[in-house]
Participant: 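Please read through the structure below; I'll follow up with questions.
Residue numbers begin at 1 in each chain, while the letters A, B, ... track the order of the sequences.
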Amino acid sequence: MPHQAITHLPRAELPANTQALARFLLGKLIIRTLPEGEISGRIVETEAYLVGDAASHAFRGMTVRNRSMFLERGHAYVYLAYGTSFMLNVSSQEAGVGEAVLIRALQPVKGLALMEHHRGTTNLRDLARGPGRLAQALRIDRSLDGADLCGPGEIWLGADEFAGDEVGASARIGITRDADRLLRFYLRGSAFVSGPRALNL
DNA sequence: AGTGCGATTGACT
DNA sequence: GTCAATCGCACTA
């Protein structure tokens, strides 16, 4: 069977609406190109951060840290959480609007050995289940902040035949403000989704 | 300049 | 289930 190259997601295909983008990205691929090889994973869990949302880094406007949230949709916003874990977001909306989608978990697809090396475990389920874990597995840090995920760079979004697995919605994880809004989305039944069982029904 | 607190994780009871 | 690690950032003074 012929090898089918993964195609980049064109920016024009990304929904401008951030909640729609969070759902749209489920099932899509993240491809990380490194000198040692290529890593990829299927997005199985996302969260939306919106304008007027007290839990969002952009709630109080643009700062040095969050300026990538204000880029046109399809750019990376990467920051360090708790001094220990990097978080990968996809900027949403048009330029100047501070909204983004946090990528919370991946189903590992390619580059397993490299991911295992980065993570220090061979447990498949633990390689990219959780935002900090997936960033570590893909060797994502602040140097990728602002990267164009629709371009031919070191990290990009790939299309995938997404059969339309059932999507669940829940409250977002680990936040205290605006905590009741159902802005977390995940593929029902995926073993690679993070979070407590009660939120993954 | 000092302080409090996370969009988390891993180790441990 | 609980809890400390760890550090950049936003906020106060």
Participant: For dA7(B), take OP1 and OP2 only and decide whether either is under 4.0 Å from a side-chain N or O of H57(A).
Facilitator: yes
Participant: Please name all residues satisfying salt bridge (Lys or Arg N to Asp or Glu O under 4.0 Å) with R73(A), sequence neighbours left out, ordered by chain then number.
Facilitator: none
Participant: What residues in residues 70-89 of chain A put a non-hydrogen atom under 4.0 Å from any atom of DNA chain C?
Facilitator: Y82(A), G83(A), T84(A)
Participant: Any Lys/Arg nitrogen of R11(A) or E72(A) sitting under 4.0 Å from an Asp/Glu carboxylate oxygen of the other?
Facilitator: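 Salt bridge present between R11(A) and E72(A).
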Participant: Identify whether NZ of Lys or CZ of Arg in R65(A) sits under 6.0 Å from the centre of the six-membered ring of Y79(A) and within 45° of that ring's axis.
Facilitator: yes
Participant: Output the distance between atom CH2 (W156(A)) and atom CG (L29(A)), rounded to the nearest 0.5 Å.
Facilitator: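 Nearest 0.5 Å value for the CH2-CG distance: 8.0 Å.
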Participant: What stems, by residue range, does DNA chain B take part in, given at least 3 consecutive Watson-Crick or G-U pairs under 3.5 Å?
Facilitator: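 Looking at DNA chain B, the stems formed by three or more consecutive pairs are B:1-6 with C:7-12, B:8-12 with C:1-5.
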Participant: Would you name the heavy atoms of S68(A) and A76(A) that are closest together and state the gap between them?
Facilitator: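 What the structure gives for the nearest pair is CB-O, 3.5 Å.
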Participant: Considering residues at least two apart in sequence or located in another chain, which fulfil the salt bridge (Lys or Arg N to Asp or Glu O under 4.0 Å) criterion with R139(A)?
Facilitator: E36(A)
Participant: With a 4.5 Å cut-off on side-chain heavy atoms, are L14(A) and F24(A) touching?
Facilitator: yes
Participant: Is any side-chain N or O of T63(A) closer than 4.0 Å to OP1 or OP2 of dC9(C)?
Facilitator: no
Participant: Please work out which residues in residues 170-185 of chain A have a non-hydrogen atom less than 4.0 Å from an atom of DNA chain C and list them by number.
Facilitator: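 Residues of residues 170-185 of chain A under 4.0 Å from DNA chain C: none.
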Participant: I need the residues from residues 124-148 of chain A with at least one non-hydrogen atom less than 4.0 Å from DNA chain C; give them sorted by number, or say none.
Facilitator: none
